[in-house]
Amino acid sequence: MSITVSANVKDRSAVESSVNAFMDEVIARAPGETEFHQAVHEVAKSVMPIVQANPAYRQARILERLVVPEMVLMFRVTWTDDQGNIHVNRGYRVRMSSLIGPYKGGLRFHPSVNLGVLKFLAFEQVFKNSLTTLPLGGAKGGSDFDPKGRSDAEIMRFCQAFMTSLYHHIGPDVDVPAGDIGVGGREIGYLFGQYRKLTGHFHGALTGKSLNWGGSRLRPEATGYGAVYFANEMLARRGESVEGKTATVSGSGNVAQYTVEKLNALGAKAVTLSDSSGTIVDPDGIDDEKLAWVMELKNVRRGRIAEYVKQFPNARYLEGKRPWSVPCDLAFPSATQNEVDESDAQQLVNNGCYCVSEGANMPSTPQAVDVLQKAGILYGPGKAANAGGVAVSGLEMNQNAGCMRRSREDVDAQLQGIMRSIHQNCVQYGSNGDGFVDYVRGANTAAFVKVADAMLQQGIV
Ligand code: NDP
C-alpha cells in the first residue's frame with residue numbers, strides 16, 4: 001500500500017499526547033517491565049506520526065497489536081550441579097511476531113533475565129529483523145541461569161534441561177533460536193545435541209552452529225563486523241572511514257571481540273575492552289596478537305578482563321568503570337542494555353567522540369541518546385548497527401535449507417551489502433533535510449512500515 005511517511009503533523013503536541021496515552025496503556029498492561037517500556041516508547045515516538053497520518057494503520061490498531069507477544073512460553077528448568085545439588089531456573093521464549101518469517105532471535109543466559117528484559121529484546125528483534133531484508137520474524141528467549149563459574153558438565157546439563165522443555169516448540173520454519181549473552185558456540189552445541197537427540201532430526205533449528213555441523217562461515221564474527229561496517233557507512237557520508245581512528249569498545253565477549261578484529265583489519269585502533277567488573281585501557285591499541293590472547297582468556301579459560309594488564313603492563317585497569325571516559329573518535333557499546341547513561345554520553349561528546357555504533361541491544365539510555373543526537377554526532381542504534389548477526393543467521397538458515405555452504409568471501413559480501421542497505425533505509429526515512437540523519441527514526445520507520453503492511457495484508461489474526 002502507499003503510505004505517508006513524511007507525516008506533516010502540524011500539531012506535534014497531538015502526537016506527543018497520543019504517544020503518552022499509548023504508553024499509559026502499555027505500562028498498565030505490563031507493569032514493572034521497564035526495559036520493555038523503554039524500547040516501546042522509542043519506537044512509538046518515531047512511528048506515531050505515521051500512524052496518525054495513515055488511517056489504515058490506525059484503524060487496524062497496528063501499534064497496539066505489535067506490543068503484545070503472539071505467544072510467551074515460560075517453563076521450569078531443573079538441573080543438578082557437580083556436587084549433586086538441585087537447581088531451579090526460569091526458562092522463557094517470547095515470540096513477538098511471525099509476520100514476515102519464522103520466529104528468530106537469540107537466547108540469553110544471565111541472572112538479570114526476566115520477562116520484561118526478554119520482551120524488550122524480542123520487540124527490538126522484530127524491527128531489526130525487518131531491516132535485514134530477510135524473511136525473519138522476531139523472538140527472544142533465555143533463562144536467569146548464571147553460567148559464570150560453572151563447569152562444562154554443568155553447562156551441558158543445564159542446556160540439556162533447557163532444550164528438553166523447548167524442543168517441541170522450535171524448528172527450521174517455526175522458531176529458530178541463536179546465541180546472545182552467555183550463549184556462545186559451546187552452549188549452542190549442547191542445545192543442538194539435545195534437540196537432535198529428542199527429535200531425531202538433523203535440521204537447522206538453531207543458528208550459530210559449528211562449521212562442521214551446519215554452521216555458517218562468519219556467523220561468530222557477523223555482529224561485530226556488521227557494527228564496524230555500519231560505522232563506516234555513517235562515516236562515508238562525511239567522506240571519512242574508520243581508518244586511522246581511535247575507538248572505545250565495551251564488553252569482551254563475542255560482539256566486542258569481533259568488533260576489535262574488524263577495527264584492526266580496517267586500520268583503526270581499539271583502546272578499551274571491559275566486563276561487568278571493569279575496563280582495560282591500552283593506549284598502544286589492542287592489536288591482533290593481544291586480541292588472540294583475549295579470545296583465549298575469554299572463550300577458553302573463561303577468565304576476567306582485568307588479567308589483561310598483567311599480560312600487557314602498558315595497559316591500565318579501571319576497576320568498576322565503563323570505557324566512556326576514555327577519549328576516542330568512535331565508540332562501540334557492545335556489552336548490555338543501558339550501559340551508556342547521560343553523563344557517559346556527555347563525556348564521549350566532550351572528549352571528541354563523533355560516531356557511536358551500537359553492537360549491543362539498547363545500550364544507551366533515552367537521556368544518552370538525546371545527548372548524542374543533540375550534539376549532532378553520528379549515532380547508529382543497535383537495531384540497525386548490530387543487525388549483521390541475525391542477518392548471517394538468516395543466511396545460515398538459507399544454507400541449511402538448501403544443504404549448501406557459502407564461502408567466507410560470499411558471506412562477507414552479503415553482510416556488507418545488508419549493512420549498506422540498512423544504512424540506506426535509515427537515511428531514506430531518517431533524513432531531517434538539513435544533512436542530519438536521525439538513525440533512530442530512520443531505522444524504526446523503515447522497519448515498522450514493512451511489518452505494519454504485512455499485518456494489514458494478513459488480516460485480523
Ligand atoms: P557475551 O556473553 O559473549 O559477552 C557479553 C559481554 O558483556 C561480557 O564481556 C560481559 O561481561 C559484558 N556484560 C554483560 N552484562 C553486563 C553488565 N550488566 N554490565 C557490564 N558488562 C556486562 O555476549 P555477546 O557479545 O553475544 O552480546 C553482547 C551484546 O550484543 C548484548 O547486548 C547482545 O544482546 C548484543 N547482540 C549480540 C548478538 C550476537 O550475535 N551475539 C547479536 C546482536 C546483538 P561479564 O563476563 O562480566 O558478564
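When a ligand or atom number is given, it counts from 1 through the structure's own listing order. Just so it is clear, the structure is predicted and the values come from calculations on it, not from any experiment. Values reported hereafter were calculated over all heavy atoms of this structure, with side chains retained and with hydrogens, waters and symmetry mates removed.
Pairs passing the salt bridge (Lys or Arg N to Asp or Glu O under 4.0 Å) check and including a residue from residues 216-228, sequence neighbours excluded, read Glu221-Arg408. Residue pairs that meet the ring pair (Phe, Tyr, Trp, His ring centres under 6.0 Å) test with at least one member in residues 259-296, sequence neighbours left out, are Trp293-Phe312.
Within 4.0 Å of ligand 1, protein heavy atoms belong to Arg108, His110, Lys128, Lys148, Asp180, Ile181, Gly182, Arg219, Thr223, Gly251, Ser252, Gly253, Asn254, Val255, Ser274, Asp275, Ser276, Arg304, Ser334, Ala335, Thr336, Gly359, Ala360, Asn361, Asn386, listed by chain and number.
Residues Asn299 and Arg186 have side chains that never bring a donor and an acceptor to within less than 3.5 angstrom of each other.
The ring-ring contact (aromatic ring centres under 6.0 Å, His included) test applied to Phe127 returns Phe123, not counting sequence neighbours.
Aromatic rings from Tyr190 and Phe162 are positioned such that their centres are separated by 6.0 Å or more.
Other residues, nucleotides and ligands contribute only 12 or fewer heavy atoms inside 6.0 Å of the CZ atom of Arg76.
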